Amino acid sequence: MNIVLLGAPGAGKGTQAQKLVADYGIAHISTGDLLRAAVKAATPLGLKAKKYMDAGELVPDQLVIDLVKERLGADDAQKGFILDGFPRNTVQAVTLDSELSDMGRELDCALLVDVAAEVIVNRLSSRRTCRDCGYTGTAADATCPKCGGEMYQRDDDKAETIQNRLDVYEKSTSPLIEYYRGQGILKSVDGDRPVDEVYTDVKEALNL
Ligand code: AP5
């Protein structure tokens, strides 16, 4: 199954993807995670990407497209994938369609995790992430409940950056909802409910 997860920053895309990975072993391709790993390792890509990420702006398309192309070619993505955070604009969506077509593959579903902007600001302000295993939790997690690692706040989860990320989402990413509706593969779940209730709807939407 080849899935794109759509939704505003903090809608819960990563949270739902982690659950799908745990239950079904589908390859999780998060461009945010890939870019943060590149920043941490101070690779040439990471050095270029950091200033855009810290400002809540999109990293230039070609950098992200190259990253995704390479990841889609990896062994674990051959049986299916969850793209989380990609595509982020129409250029990326059109490029993805063309890449998949070249590979003889296609998207099965673009799943929108739908959450209002007011909810998002609270969620992102209190999000904490594990430095060691990448687990996503909240400020209530003093240490990582999965591995005991240190929880930290992402640089782009500071109040001043959150609003810009939401603006970028509205302008550049939300048009993809109509793009995928037009392809007949858009599904949507209400993401403003407890994680497990959202997950039940996610599985139903994906026929899992
Ligand atoms: P990225 O990492 O993709 O960030 P994002 O899209 O802004 O998404 P988030 O990771 O912030 O949110 P999420 O929806 O995964 O929510 P989560 O599950 O964590 O991108 C970061 C940056 O990288 C971008 O700004 C850009 O610079 C760059 N980038 C990435 N991809 C790019 C691309 N394709 N092109 C160009 N640039 C790119 O949940 C959030 C919080 O809410 C957590 O604390 C969680 O515990 C909590 N939560 C989740 N679900 C629920 C629920 N149902 N109820 C209550 N709380 C919940």
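One-based numbering, in listed order, for ligands and for the atoms of each. A quick note: this is a predicted structure, and the numbers were derived from the prediction, not measured. Heavy atoms only: backbone and side chains are in, while hydrogens, waters and symmetry mates are out.
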Pairs of nitrogen or oxygen atoms closer than 3.5 Å, one from [X] and one from ligand 1: do any exist?
X      : result
Gly10  : yes
Asp156 : no
Ala11  : yes
Thr15  : yes
Glu57  : yes
Gly137 : yes
Val198 : no
Leu124 : no

Whether over 12 other heavy atoms sit under 6.0 Å from Glu70 CD:
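Result for CD/Glu70: open.
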
Quiz item: Taking atom CG of Asp102 as the centre, does the number of heavy atoms from other residues, nucleotides or ligands within less than 6.0 Å exceed 12?
Solution: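 Yes, enclosed.
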
Interfacing atoms of ligand 1 (cut-off 4.0 Å, heavy-atom, [X]):
X      : answer
Ala8   : 14 (O)
Thr31  : 30 (C), 31 (N), 32 (C), 34 (N)
Val195 : 50 (N), 51 (C), 52 (C), 53 (N)
Gly85  : 31 (N), 32 (C), 33 (C), 34 (N)
Gly14  : 13 (P), 15 (O), 18 (O)
Pro9   : 5 (P), 7 (O), 8 (O), 12 (O)
Gln92  : 33 (C), 34 (N), 35 (N), 36 (C)
Arg36  : 2 (O), 21 (C)

If you measure from the Lys or Arg side-chain nitrogens to the Asp or Glu carboxylate oxygens, is any gap between [X] and [Y] under 4.0 Å?
X      : Y      : answer
Lys19  : Asp196 : yes
Arg36  : Asp33  : yes
Arg71  : Asp76  : yes
Arg154 : Asp54  : no

Nearest protein heavy-atom contact for [atom]: which residue, which atom, what distance?
atom                    : value
atom 52 (C) of ligand 1 : Arg123 NH2, 3.2 Å
atom 8 (O) of ligand 1  : Lys13 NZ, 3.3 Å
atom 16 (O) of ligand 1 : Gly12 N, 3.2 Å
atom 43 (C) of ligand 1 : Thr136 CG2, 3.6 Å
atom 29 (N) of ligand 1 : Leu35 CD1, 3.5 Å
atom 9 (P) of ligand 1  : Arg127 NH1, 3.2 Å
atom 37 (N) of ligand 1 : Val59 N, 3.0 Å

Any side-chain donor paired with an acceptor under 3.5 Å for [X] and [Y]?
X      : Y      : value
Asn2   : Glu106 : no
Asp141 : Tyr135 : no
Gln183 : Asp97  : yes
Asn122 : Glu118 : no

So is [X] in contact with ligand 1, going by heavy-atom distances below 4.0 Å?
X      : result
Glu197 : no
Gly191 : yes
Ser30  : no

Would Asp201 and Arg193 count as a salt bridge (charged side-chain N to carboxylate O under 4.0 Å, His left out) if you check the C-alpha gap in whole Å, the side-chain angles of each, and the deciding distance to 0.1 Å?
CA-CA 11 Å; Asp201 284 0; Arg193 290 170 307 131; 2.7 Å; yes

(Q) Between Val59 and Tyr169, is there shared hydrophobic-cluster membership here, with clusters defined by ILVMFWY side-chain heavy atoms closer than 4.5 Å? (A) yes

- Are Leu6 and Leu83 connected, step by step, through hydrophobic side chains (Ile, Leu, Val, Met, Phe, Trp, Tyr) whose heavy atoms are closer than 4.5 Å?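 Result: yes, single cluster for both.
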
Under 3.5 Å donor-acceptor, Thr31 side chain and Gly85 backbone:
yes

| query | Can any side-chain N or O of Glu99 pair as donor or acceptor with the backbone N or O of Val94 at less than 3.5 Å? | reply | no

How long is the span from the CG atom in Asn89 to the OG atom in Ser172, to the nearest 0.5 Å?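 One finds 6.0 Å between CG of Asn89 and OG of Ser172.
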
Of Arg88, Gln18, Met53, the one whose closest heavy atom lies nearest atom 24 (C) of ligand 1 is Arg88

message: Regarding atom 21 (C) of ligand 1: of the candidates Arg165, Arg154, Lys51, Arg193, which has the closest heavy atom?
response: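 Looking at heavy atoms only, Arg154 sits closest to atom 21 (C) of ligand 1.
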
